[in-house]
Every structure is written in structure tokens, then in C-alpha cells.
Amino acid sequence: MIYNTLSKKKEPFATVRQGQVGVYLCGPTVYGKAHIGHMVGPVLFDTIKRYLTYSGYEVRWVVNITDVDDKLIKAADEQGISMAEVAELNIKDYEDNLAALGVTQIDDFPKATECMGEIIDFIAGLIDEGYAYESQGDVYFDVAKDADYGKLSNRTVTEMQGDGGGAAARKRSAADFALWKSAKTGEPSWDSPWGAGRPGWHIECSAMSKKLLGETFDIHGGGLDLVFPHHENEIAQSESCHGKPMVKYWAHNGLLRKDAAAGKIGGRAERQGADREAGADDAGGSNDAGGKMSRSKGAGGLADLIAKQGGERIRFFLLRTHYRSTVLFSEEAIEEAAVGLETFYRLFKRYERVTGKSFYDLKPATIRAGVAANDAAAAAKQKFVAAMDDDFNTGSAIGELFELARLTNKFCEDNKLESSASEADQTTLTTLMTTIKELAGILGLFLHSPASAGGGDELLGSVMQLVIELRAEARAGKNFAVADAIRDGLKPAGIVVEDRPSGAEWSGGDTASLEAVMQMLIALRASSRAAKDFATADALRDKLAAIGVTIEDRAGGAEWSHT
RNA sequence: GGCGCCGUAGCCAAAUGGCUAAGGCAUCGGAUUGCAAAUCCGACAUCGGCGGUUCGAUUCCGCCCGGCGCCUCCA
């Protein structure tokens with residue numbers, strides 16, 4: 001079942017062509033850096049493609065890039081570079097962000113400037129059919145000729161209150177929209193039967209989707225804010241031109257909101273606020289942050305956010321909520337959600353301790369089928385798939401992932417796998433873990449070992465500060481065995497400690513040192529405990545906890561982690 | 001003004017006309033642990049308000065209150 005904005009209902013999913021699915025998602029207009037709101041659609045549709053592929057469909061997913069537009073021209077003027085350069089810069093940023101969030105399933109990335117021929121042909125076709133007219137070098141779509149105009153956004157032409165904008169004088173009706181805009185001098189332009197100009201915003205999607213997916217394709221997506229006018233106009237163009245439905249299912253994702261009062265992220269209020277600020281305090285510098293001034297209030301750019309939070313946590317956060325609902329976005333919310341993610345990471349380490357194998361090396365089934373380890377796991381898997389079948393209910397599906405994690409941990413507990421695991425137990429555990437990998441993979445989660453959270457050097461610094469402290473305390477308490485053990489233990493890490501009258505100093509160390517120091521500390525803690533020196537052992541643990549490092553004792557040794 | 005969406009426990013968030021209203025975070029017990037952490041077990045909601053339809057509604061309908069979006073570029 002899939003919800004269709006056009007019918008306002010969930011409908012059974014049936015493809016246009018047997019076994020094949022064509023998906024088109026409206027991508028960004030690349031006049032500025034991407035913000036988190038731009039990622040909602042891609043993450044969702046990436047998941048949808050993974051799921052449809054898992055379900056046996058052959059999927060082609062297209063995301064267009066609007067690289068010609070008034071705002072691009074403006075940005076180019078402001079930055080003193082060409083429109084193409086502005087686009088190139090921001091496309092790079094967009095693609096980097098997509099990759100960081102695990103969006104890897106896009107098949108085609110058409111750019112408006114690379115499809116000029118198709119766009120012009122499309123417009124010419126509409127004029128021939130009588131749906132569009134030329135006016136002083138512009139071409140407009142004649143809304144009055146399209147009987148069912150407004151069916152997607154549920155409005156009628158007479159309800160439309162717009163004043164037609166600055167080009168009203170050239171239009172037959174205020175509701176008519178531009179297919180082709182004549183160029184002013186100095187603007188980038190393309191030759192056409194109507195003179196030099198550039199395409200209107202909506203036509204590129206009609207032209208590109210036709211080119212890559214055909215006149216009728218399966219799923220067209222985008223943010224809820226695109227329903228009108230963008231998608232409404234796409235329908236008008238394509239269906240007038242082809243005389244048949246453009247899209248089977250219109251799927252719109254909800255928008256992100258900053259907090260209860262702020263309106264959507266990147267929304268009108270924010271931009272107006274930005275303009276005001278820019279006007280008030282912009283000293284005229286390069287100001288490449290453009291209209292994203294809200295970031296100066298602490299939000300940070302998307303790249304920064306990803307660097308700080310990690311793509312997987314953001315993806316997980318986005319997928320926890322149903323795609324059609326509004327999501328209140330904040331870093332705090334991501335961090336809270338990420339706590340749940342740790343459950344899985346710990347389970348993966350546990351698996352490695354028991355079997356010596358990496359979760360990330362498991363090769364699950366890539367297609368619906370396969371067996372689960374037991375009835376409970378089978379039930380969870382079945383519910384996961386059922387949730388995805390019901391309008392891609394990723395939130396509910398994630399619930400089942402947690403259920404599976406619980407089941408797996410319980411299996412480890414009940415059979416004391418950390419002490420000794422039989423061949424059969426290991427096999428069962430592997431089956432359980434493989435099921436988790438299989439289902440999580442549909443959501444684009446746990447595909448690769450997450451890069452160790454950055455700031456290794458910084459962490460080493462705080463760890464060393466603590467080590468020095470600890471050693472100072474040991475020395476003060478005449479516990480020289482511990483003090484010497486620390487100093488000797490640091491040597492293999494390439495770190496030298498020197499005692500000075502003003503206190504101890506340390507030097508040396510490289511990227512491998514952190515791990516070595518931690519191993520030393522773990523060993524120190526073990527020997528302290530063996531000697532019943534709990535004061536030292538506990539002080540060590542508590543100091544580490546203070547800088548966000550935790551040590552967990554296991555049957556097979558201790559492990560540390562940093563949050 | 002027109003067209004829509006949302007309101008579930010302290011927080012986030014699913015599902016559902018009747019069967020235990022998922023799951024996560026937090027909190028409180030219990031097992032485990034030298035103490036912790038992790039893990040497991042258990043506790044923790046009558047679904048914004050009012051009225052209607054129904055044998056029965058959190059779920060359908062109406063009204064009200066509260067929050068939000070679109071109607072202009074926007075994922």
C-alpha cells in the first residue's frame with residue numbers, strides 16, 4: 001500500500017510495467033548549500049528504492065538538479081562567478097551530503113541545462129496543442145485550457161488569488177505560469193523558437209521525467225511544499241501534452257520544523273529573517289552563507305551537522321518518524337534518538353566477542369525470503385516487512401529492529417555465550433545477526449562500520465590529562481607501583497612522561513596512541529582490581545566517565561567506548 | 001478568506017472500531033556485577049475537549065480548543 005496525494009488515500013501498489021518501478025524525486029535548486037531539509041526526501045526515497053528492490057522490483061530512481069533559475073543568476077552575480085560555477089559548487093556539496101547520509105541508490109542525476117533540447121521540444125509541443133502561448137518572448141501555460149487543473153492540490157483556478165506576479169501583464173490569466181522566460185541582457189540563455197531565454201521552473205521536471213522514465217511512471221516524490229504550484233503545474237504540462245496520466249502515485253514527505261514556533265526549516269519566515277539580518281549587519285564581505293543566517297544562531301550548516309552527528313544518526317533520526325509527518329528537528333532530538341542506536345553498536349561488538357567475526361562482514365539475503373533463527377525472530381521480521389508494505393512505515397519497522405536486538409541479546413544471556421559458545425549457538429547467533437543486517441540494510445542502516453567519531457587527538461588529550469592526574473594521585477599516596485605502572489605502560493604507546501617541579505608533562509603520541517593508552521588503562525584497572533585496590537580502579541573509571549569514556553567489563557576482557 | 005495536516009505516557013513515536021494501545025529515551029523495582037556499565041526480567045498511557053453514529057470508538061462523523069503547512073521561490 002502506498003499513500004497517494006492525488007487520491008488522498010492509501011492505494012494498493014501496482015506498477016505501470018510488470019516488475020519495474022520508475023521513481024522521480026524533485027531535487028534541489030542549487031543556488032546555495034544544502035540544508036537538512038533537503039535530505040528528508042532523498043533519505044526516504046533511498047529507503048523506498050532499497051525496499052522495492054528487496055521486494056523484487058527493478059527500480060530506476062531519478063533526482064533532478066535545477067541548475068538554471070533566477071536565484072542562481074542572482075547568486076552568481078553576487079559572488080562574481082558564472083551560474084554554472086555556482087551550480088557546480090552546490091551540487092558537490094549536495095552530493096557529499098547525500099553520500100554521508102547513505103543515499104547511494106540514485107540512478108540518474110539530470111540537470112536542467114543538459115536537457116534544453118527536450119525542454120524546448122516539450123514547450124513547442126504544448127504550443128502546438130494549444131495549451132501554451134507565446135507572449136513577448138515568454139511562453140506561458142494557459143491554465144484555462146486544462147480542465148482538471150488543480151486536482152492534485154485540490155483547488156480551482158477561480159480560487160486562485162495570486163496577482164500573477166511581475167509578469168502579469170504578459171499573461172492571459174494570473175494563474176498562467178511560465179514555461180519559457182526571455183533573457184534580459186547579460187543573463188545566461190539558450191536559443192529557442194521564441195528567442196533567447198531559459199526554462200521556467202516546472203517544465204524541466206516534465207521534460208526530464210518523460211525522457212528518463214516515460215510518459216507515465218510510477219512514483220513522483222518531493223516535499224509537501226511542492227504540491228502547489230510545482231507538481232500541480234507538472235501534471236498540467238505533462239498530461240496536457242500526452243493525454244494520459246503522468247504519475248501513478250504522488251508521494252510527498254513532511255517538512256522539518258525547527259521548534260514549535262519557528263515554521264519550517266529554510267522556510268519563508270527564516271529567509272525573511274535572514275534578509276533582515278543581512279541588511280542590518282552585513283558588512284559586505286564575501287558572505288557566502290547567503291540566506292542561511294539562521295545558522296549563525298547555532299544551527300550550523302549541513303556539512304557541519306553531519307560532521308558532528310554522523311550521517312547514520314541523522315538518517316536513523318529521520319527514519320524513526322513516518323515520512324508524511326512533520327518532524328521537529330534539533331540536535332538534541334538527534335542525540336536522544338542516537339542513544340537507541342548504541343544498543344545496536346554494542347550488540348555488534350558483542351557478536352564480535354562471541355564469534356570473532358564482524359557484523360559488517362555478514363552477507364544477508366538481498367531479496368525477500370530467507371529463514372529466521374526462531375519463531376520470535378521470524379515474527380519480528382514478518383512485522384517489519386508488513387510495516388514497510390504499509391506505506392513505508394519505517395518508524396514501525398525500526399521498532400521491530402529493536403525487538404530483534406532484544407531477542408538476540410536474550411539469546412546471548414540465556415546461553416551464556418560470552419563464556420563459551422558452541423558451534424550450534426554461534427550459528428544461531430549469526431542467523432539472528434544476519435536477519436538484523438538484512439532488515440537494517442533496507443533502511444540503509446548498519447551497512448558499514450561507522451567511522452570512529454572524529455576528534456581522536458582531542459580525546460587523547462583529555463585521556464592523557466586524566467592519566468597524569470591519576471598518576472599524581474598515586475604518587476601523592478605513595479602508591480608507586482601504580483605510578484610506575486602508568487609510566488611504563490605509556491612507553492609502548494610512544495608517550496613519554498617527565499616529572500617536573502610544576503607537575504608532570506607528557507609528549508609524543510600519534511593516532512594509534514589513544515588505543516594503546518586505553519589498553520594500558522584497562523590493564524591497570526584489571527591489576528588494581530586483582531590487588532583489591534578498588535580505590536584506584538574506581539577512580540580510574542570515574543575520571544574516564546567524566547570525559548565521556550566508559551569501560552565495560554566483559555567475561556572475555558574489558559572494552560571502552562566514547563560518547 | 002480558500003485548501004490541508006496534526007494533537008497518543010515526562011519526552012520522541014507506531015498501530016488499531018472490540019483481543020496485552022508497538023518501539024525508543026527517561027524514571028522506578030528485580031536478576032547480574034567487588035561497586036559500576038552493559039544485558040535480561042518487570043512497572044509506568046484510556047488516546048486534546050464536547051457531542052453524534054455504533055451492541056461497542058482512541059480509531060468513523062460534526063463542533064470546539066490548541067499547534068502547523070500551502071495559497072509567492074522553497075525538500
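Every chain is numbered from 1, with letters handed out A, B, ... down the list of sequences.
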OP1 or OP2 of [N] less than 4.0 angstrom from a side-chain nitrogen or oxygen of [X], does that happen here?
X: A:Thr326; N: B:rG67; result: no
X: A:Arg320; N: B:rG24; result: no
X: A:Arg406; N: B:rG23; result: no
X: A:Asn154; N: B:rG4; result: yes
X: A:Asn409; N: B:rA38; result: no

[N] - base-pair partner by Watson-Crick or wobble geometry, distances under 3.5 Å:
N: B:rC70; result: B:rG2
N: B:rA15; result: none
N: B:rU33; result: none
N: B:rC63; result: B:rG49
N: B:rU8; result: none
N: B:rA43; result: B:rU27

Task: A:Glu335 and A:Arg313: CA distance, side-chain angles, deciding distance, salt bridge (Lys or Arg N to Asp or Glu O under 4.0 Å) verdict - done: CA-CA 8 Å; A:Glu335 278 157 14; A:Arg313 302 172 92 191; 5.5 Å; no
Open item on the list: Treating A:Asp107 as the side-chain partner and A:Val62 as the backbone partner, does any N or O pair qualify as donor plus acceptor under 3.5 Å?
Closed with: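 Pair absent, no side-chain N/O of A:Asp107 close to backbone of A:Val62.
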Open item on the list: Using only atom types and a distance under 3.5 Å, with no angle test, would you say the side chain of A:Asn64 pairs donor to acceptor with the backbone of A:Cys205?
Closed with: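 No, the answer is negative, given that no donor and acceptor are paired below the 3.5 Å cut-off.
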What is the separation between atom [atom1] on [X] and atom [atom2] on [N], rounded to the nearest whole Å?
X: A:Lys416; N: B:rU32; atom1: NZ; atom2: C1'; value: 9 Å
X: A:Lys381; N: B:rA22; atom1: NZ; atom2: C1'; value: 20 Å
X: A:Arg324; N: B:rC68; atom1: CZ; atom2: C1'; value: 16 Å
X: A:His202; N: B:rA75; atom1: NE2; atom2: P; value: 13 Å
X: A:Leu429; N: B:rU39; atom1: CG; atom2: P; value: 16 Å
X: A:Glu400; N: B:rA15; atom1: CD; atom2: C1'; value: 11 Å
X: A:Asp225; N: B:rG69; atom1: CG; atom2: P; value: 11 Å
X: A:Leu152; N: B:rC3; atom1: CG; atom2: P; value: 16 Å

Which nucleotide in [options] has an atom nearest any side-chain atom of [X]:
X: A:Pro28; options: B:rG24, B:rA75, B:rA14; value: B:rA75
X: A:Thr343; options: B:rA14, B:rC70, B:rC25; value: B:rC25
X: A:Arg155; options: B:rG2, B:rA75, B:rU39; value: B:rG2
X: A:Cys26; options: B:rC25, B:rC71, B:rA75; value: B:rA75

Open item on the list: Is there aromatic stacking of A:Phe402 on B:rG24 here, judged by a ring-centre distance under 5.5 Å and a plane angle under 30°?
Closed with: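 The base of B:rG24 is not stacked with A:Phe402 (the test needs centres under 5.5 Å and planes under 30°).
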Would you indicate what [X] reaches in the nucleic acid, counting non-hydrogen atoms under 4.0 angstrom: base, sugar-phosphate, or nothing?
X: A:Leu256; result: base
X: A:Thr550; result: nothing
X: A:Arg353; result: nothing
X: A:His252; result: nothing
X: A:Gly27; result: sugar-phosphate
X: A:Ile551; result: base
X: A:Gly41; result: nothing
X: A:Asn393; result: sugar-phosphate
X: A:Arg346; result: sugar-phosphate
X: A:Leu224; result: nothing
X: A:Cys412; result: nothing
X: A:Arg529; result: base

Task: Check: A:Phe359 ring centre within less than 6.0 Å of A:Phe344 ring centre - done: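 No: the rings miss the under 6.0 Å criterion.
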If the [atom1] atom of [N] is compared with that of [M], how far apart are they to the nearest Å?
N: B:rU53; M: B:rC11; atom1: C1'; value: 35 Å
N: B:rA26; M: B:rC68; atom1: P; value: 29 Å
N: B:rG29; M: B:rA14; atom1: C1'; value: 27 Å
N: B:rC70; M: B:rC64; atom1: P; value: 23 Å
N: B:rA22; M: B:rU46; atom1: P; value: 13 Å
N: B:rG69; M: B:rA37; atom1: P; value: 43 Å
N: B:rC28; M: B:rU59; atom1: P; value: 35 Å
N: B:rU58; M: B:rC19; atom1: P; value: 11 Å

TODO: Using a strict cut-off of less than 4.0 Å between a Lys/Arg side-chain nitrogen and an Asp/Glu carboxylate oxygen, indicate whether A:Glu413 and A:Arg350 qualify as a salt bridge.
DONE: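 A:Arg350 and A:Glu413: salt-bridged.
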TODO: Please tell me which of A:His230 and A:Tyr3 maps to the more 5' nucleotide of RNA chain B, matching each residue to the nucleotide holding its nearest heavy atom.
DONE: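 Checking each residue's closest nucleotide, the 5'-ward one belongs to A:Tyr3.
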Task: Residue closer to the 5' end of RNA chain B, A:Leu341 versus A:Arg525 (nearest nucleotide) - done: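 Going by which nucleotide is closer to the 5' end, it is A:Leu341.
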Open item on the list: Show, in sequence, the C-alpha distance, side-chain angles and deciding distance for A:Met208 and A:Leu213, and conclude whether the side chain to side chain contact (heavy atoms under 4.5 Å, CB included) test is met.
Closed with: CA-CA 8 Å; A:Met208 292 179 192; A:Leu213 297 172; over 6 Å; no
Open item on the list: Below 30° counts as parallel, above 60° as perpendicular, anything between as tilted: where do the rings of A:Phe392 and A:Tyr51 land?
Closed with: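 Perpendicular: the ring planes of A:Phe392 and A:Tyr51 meet at over 60°.
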Task: Pair A:Asp138-A:Lys181, salt bridge (Lys or Arg N to Asp or Glu O under 4.0 Å): steps then yes or no - done: CA-CA 5 Å; A:Asp138 292 351; A:Lys181 297 172 164 181; over 6 Å; no
Open item on the list: Would A:Asp46 and A:Gln105 count as a side-chain hydrogen bond (donor to acceptor under 3.5 Å, both in side chains) here? Give the steps.
Closed with: CA-CA 6 Å; A:Asp46 184 80; A:Gln105 303 291 302; 4.7 Å; no
